Amino acid sequence: MNTIPTLTLNNGVVMPALGFGVFQSPPDQTAAAVETALHTGYRHIDTAAVYGNEREVGQGIRRSGLNRSDVFIETKVWVSDYGYDQTQHAFDKAAGKLGVEQIDLLILHQPAPARFEQTIAAYRGLEKLLADGKVRAIGVSNFMPPHLDTLIANTDVVPAINQVELHPYFTQPAVQDTDRAHGILTQAWSPIGGITFYPGWGENRTSTLTDPVLGKIADAHGKTPAQVMLRWHLQQQRSAIPKSTNPARIAENFDVLDFTLTTDELGAIDALDTGVRHGPDPDERDPHSLELVIDEA
Ligand code: A2P
């Protein structure tokens, strides 16, 4: 079985670089997908309170028969739980649903630009959870450079991670540079560009999976475009968390360790960046997000 490379976070915690994502995985399929992923060899699962499947992630981990300490669990606090006390309670909810005592990496799901002081208070709550040993590392998601600068100026612990939309059609160089300057690891969500082909997420999109440049590179290595994209992340020292509920694709996305992209190939993939975001803009206010209540455990 292949062993996934690891990345060391800025507080010394070691994390498998390739994780398994469960965004949009229906709860009734999540436990099976997580169990399959763990049997395939993944040792890092990424979920979120707002995905509504933390319980099933916990079930999948338990069903795998692995020891708790062998699996790196990452989850996210939703914006309606932002605030110093609320965010500490959000840990109780997440840990209760997952069925674990400690969470490896707990991150803020997104900035709440209209209530940034609440975002900072939430991060202060994460710092307290870290100090109390309830989480092993803390971080953020969807933070753009100005959000990061403000957060870091007002808090003590530099985030270990910033999870952002990142695939060949949207590479966010400015975010990657800012993360690097602060010692924050960039983690890619939608790492194979699922957001460019999710059904129902907008018209006239071009799927990364049918990109001719990626297709040519894939053919040259006897691999698939998805595998090439994951390899591109790993060689550029990013964490990536591809989602699938399909056992064959779960295995395909893990089988990325037996080939190496050349510098020219990496550059050709970088050059596919369109600068156009496919997912939600972190600076746009979403009036519904604060109303969404995350259930108690
Ligand atoms: P499925 O769960 O049916 O496999 P991303 O993580 O970049 O957002 O991509 C997730 C999307 O890509 C999901 O729709 C998933 O569907 C699909 N997917 C995952 N792995 C592959 C793959 N290797 N080839 C093609 N599609 C994939």
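Being a predicted model, the structure only gives us computed values, none of them experimental. For ligands, and for the atoms within them, numbers begin at 1 and follow the listed sequence. Position 1 is the first residue of the sequence; numbering continues from there.
Between W78 and H109, the angle of the ring planes goes over 60°, which puts this pair in the perpendicular group of the 30/60° scheme.
Among residues two or more places apart in sequence or in another chain, the ring pair (Phe, Tyr, Trp, His ring centres under 6.0 Å) test is passed with H44 by F72. Under the ring pair (Phe, Tyr, Trp, His ring centres under 6.0 Å) criterion, H221 pairs with F259, sequence neighbours left out. Among residues two or more places apart in sequence or in another chain, the side chain to side chain donor-acceptor pair (under 3.5 Å) test is passed with D273 by T171.
When only modelled atom types and interatomic distance are considered, D270 and Q236 share a side-chain donor-acceptor pair under 3.5 Å. No side-chain donor from either of Q118 and Q86 sits under 3.5 Å from a side-chain acceptor of the other.
For ligand 1, the protein residues within 4.0 angstrom (heavy atoms only) are S190, P191, I192, G193, G194, F197, Y198, L209, A226, P242, K243, S244, T245, N246, R249, E252, N253.
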